[in-house]
Amino acid sequence: MCDNAAMASLEKDVPLGGAANAAPLALNFCGLSFASPIVLLSGCVGFGEEYTRIEGFSNRDAGAVVLKGTTGAPRLGNPPHRVYETPAGMLNAIGLQNPGVDHVVRVILPQLDFTETRFIANVSGSTIEEYVEVTRRFDASPIDAIEINISCPNVKEGGVAFGNYPDMSAQVVAACRRVTKKPLITKLSPNQTDIRENARRCIEAGTDALAVINTIMGMAIDVEERRPVIGNVQGGLSGPAIKPIALLKVHQVYEVAGPHRIPIVGQGGITTARDALEFIIAGATAVGIGTALFYDPLVCRRINEGIAAYLSAQGVANVTELVGTLRTTKDVADCALSG
Ligand SMILES: Cc1cc2nc3c(=O)[nH]c(=O)nc-3n(C[C@H](O)[C@H](O)[C@H](O)COP(=O)(O)O)c2cc1C
């Protein structure tokens with residue numbers, strides 16, 4: 001377990017994440033060794049096997065791989081269409097299609113090669129009891145860490161509600177915390193008024209890390225049919241279209257999480273090394289890649305190379321030294337006026 005109280009007592013000048021060894025991209029994330037700051041994101045890589053059939057792709061290029069959202073019982077997901085390309089982005093409303101936690105733990109996890117990378121489960125539920133039960137099952141499995149998705153916008157029964165209200169977010173985190181000692185990552189919703197308050201409550205409730213952000217609610221309309229394109233009417237927007245929003249959310253969450261030494265997995269529209277560096281400088285210890293994989297499955301290697309080249313050019317020994325190094329003044333950072 002990555003004890004967030006213990007982390008708070010670390011020396012201030014220890015980089016957030018902590019260099020794992022001399023390799024410039026290697027880092028320690030909540031006690032886990034990541035070979036790279038790249039994390040492959042939930043829903044974009046199946047259960048860890050999806051891209052391994054593609055020539056040139058390797059899970060070893062990622063520090064960690066997050067498995068598809070998993071619930072207590074199997075789910076068929078939403079009616080089609082479930083994905084739709086938008087300018088610089090993509091809407092999805094998969095609806096958490098998955099075979100249920102029992103199948104994932106008994107059948108899928110034994111097939112994963114844990115020497116390749118760290119594997120992180122992604123937990124969803126309609127009730128707090130379901131979150132707890134799924135977390136408990138993963139706690140008793142070889143999985144390296146558990147991410148709780150309180151921010152999935154596609155589950156009518158409560159996925160949105162848990163993530164959008166700090167009280168409910170904290171209740172889910174506290175309940176899951178009680179049943180696992182594995183590193184616990186809480187994935188925050190951008191679809192809420194004050195992400196800082198939500199982050200603070202999740203930290204108090206015992207989360208070891210935060211994932212920022214999940215998709216942003218959107219829709220598309222077929223004007224010939226005058227119907228929503230997405231079967232679920234609304235979907236989550238991901239990809240480069242959401243990058244500036246995600247970056248601001250990471251910056252805001254870092255203000256709360258940084259002092260507690262709680263690492264952030266920054267995500268939302270990252271497609272290049274420069275994007276990844278922006279998130280790291282804003283405060284992310286690790287960076288998630290999701291939608292970019294759909295059109296460029298080999299993007300991770302290039303991002304790793306780009307980050308390494310930047311570190312070398314800047315004379316920075318390890319990527320963790322960049323975390324939260326944004327130069328700004330408080331006045332500018334807090335200015336709510338945009339024009
Ligand atoms: C098709 C699809 C399915 C997703 N499924 C999940 C999921 O099951 N659980 C979850 O926490 N996030 C899910 N997400 C959100 C991603 O993990 C990620 O947070 C989001 O897409 C932002 O990153 P990106 O712009 O790099 O894709 C999904 C995203 C997409 C595009």
Qualifying side chain to side chain donor-acceptor pair (under 3.5 Å) pairs, either residue in residues 45-59, two or more places apart:
Asn59-Glu116
Judged by atom type as modelled, is there a donor-acceptor pair below 3.5 Å linking the side chain of [X] to the main-chain atoms of [Y]?
{"X": "Asn191", "Y": "Met217", "result": "yes"}
{"X": "Asn232", "Y": "Arg82", "result": "no"}
{"X": "Arg118", "Y": "Ala35", "result": "no"}
{"X": "Arg177", "Y": "Gly206", "result": "yes"}
{"X": "Asn78", "Y": "Ala93", "result": "yes"}
{"X": "Ser169", "Y": "Phe162", "result": "yes"}
{"X": "Lys243", "Y": "Asp275", "result": "no"}
{"X": "Glu130", "Y": "Gly72", "result": "yes"}

If we ignore angles and hydrogens, is there a donor and acceptor under 3.5 Å between the side chains of Gln192 and Asn164?
no
Under a 3.5 Å cutoff, is there a donor and acceptor pairing between the side chains of Asn149 and Asn214?
yes
Test Val123 against Cys176 for side chain to side chain contact (heavy atoms under 4.5 Å, CB included), laying out the working first.
CA-CA 10 Å; Val123 172; Cys176 293; 5.6 Å; no
Going by heavy atoms in the side chains, are [X] and [Y] under 4.5 Å from each other?
{"X": "Ile94", "Y": "Val83", "value": "yes"}
{"X": "Cys30", "Y": "Pro263", "value": "yes"}
{"X": "Ile264", "Y": "Phe279", "value": "no"}
{"X": "Val319", "Y": "Pro24", "value": "no"}
{"X": "Leu322", "Y": "Leu311", "value": "yes"}
{"X": "Cys202", "Y": "Asn198", "value": "yes"}
{"X": "Glu147", "Y": "Ser42", "value": "yes"}
{"X": "Thr180", "Y": "Phe138", "value": "no"}

Common cluster, Ile54/Ile303, ILVMFWY with side-chain heavy-atom separation under 4.5 Å:
yes
Single-linkage hydrophobic cluster Val107~Phe119, side-chain heavy atoms < 4.5 angstrom:
no
Supply the members, apart from Ile221, of the Ile/Leu/Val/Met/Phe/Trp/Tyr cluster built from side-chain contacts under 4.5 Å; use none for a lone residue.
Met219, Val233
Supply the atom-to-atom distance [X] [atom1] to [Y] [atom2], rounded to the nearest 0.5 angstrom.
{"X": "Ile195", "Y": "Arg200", "atom1": "CD1", "atom2": "CZ", "result": "14.0 Å"}
{"X": "Thr215", "Y": "Leu41", "atom1": "OG1", "atom2": "CG", "result": "11.0 Å"}
{"X": "Ser124", "Y": "Asn98", "atom1": "OG", "atom2": "CG", "result": "8.5 Å"}
{"X": "Leu298", "Y": "Asp61", "atom1": "CG", "atom2": "CG", "result": "8.5 Å"}
{"X": "Thr291", "Y": "Leu237", "atom1": "OG1", "atom2": "CG", "result": "8.5 Å"}
{"X": "Leu67", "Y": "Ile146", "atom1": "CG", "atom2": "CD1", "result": "11.0 Å"}

Nearest heavy atoms of [X] and [Y], plus distance in Å:
{"X": "Ser189", "Y": "Gly163", "value": "CB-O, 4.1 Å"}
{"X": "Ile270", "Y": "Ala276", "value": "CG2-N, 3.9 Å"}
{"X": "Gly288", "Y": "Val265", "value": "N-CG1, 4.2 Å"}
{"X": "Cys44", "Y": "Gly290", "value": "SG-CA, 3.5 Å"}
{"X": "Ile230", "Y": "Tyr84", "value": "CD1-CB, 3.9 Å"}
{"X": "Leu293", "Y": "Cys300", "value": "CD2-SG, 4.3 Å"}

Residue list, salt bridge (Lys or Arg N to Asp or Glu O under 4.0 Å) with Glu133, at least two apart or on another chain:
Arg136
Side chain to side chain contact (heavy atoms under 4.5 Å, CB included) between Ile213 and Ile242, intermediate numbers included
CA-CA 10 Å; Ile213 56 175; Ile242 70 169; 4.3 Å; yes
Step by step, work out the side chain to side chain contact (heavy atoms under 4.5 Å, CB included) result for Asp139 and Val179.
CA-CA 7 Å; Asp139 182 65; Val179 297; over 6 Å; no
Considering residues at least two apart in sequence or located in another chain, which fulfil the side chain to side chain donor-acceptor pair (under 3.5 Å) criterion with Lys68?
none
Determine whether more than 12 heavy atoms belonging to other residues, nucleotides or ligands lie under 6.0 Å from atom CZ of Arg60.
yes
In terms of heavy-atom contacts, does CD of Glu85 have more than 12 from other residues, nucleotides or ligands at under 6.0 Å?
no
Among residues at least two apart in sequence or on other chains, which ones pass side-chain contact (heavy atoms from CB on, under 4.5 Å) with Tyr295?
Pro240, Thr271, Ala292
What residues, two or more places apart in sequence or in another chain, satisfy side-chain contact (heavy atoms from CB on, under 4.5 Å) together with Ile281?
Tyr310, Thr325, Leu326
Tell me, with the steps shown, if Glu305 and Arg301 meet salt bridge (Lys or Arg N to Asp or Glu O under 4.0 Å).
CA-CA 6 Å; Glu305 286 167 2; Arg301 200 161 290 176; 5.8 Å; no
Please lay out, stage by stage, how Ile148 and Thr207 fare under the test side chain to side chain contact (heavy atoms under 4.5 Å, CB included).
CA-CA 10 Å; Ile148 45 178; Thr207 196; 5.9 Å; no
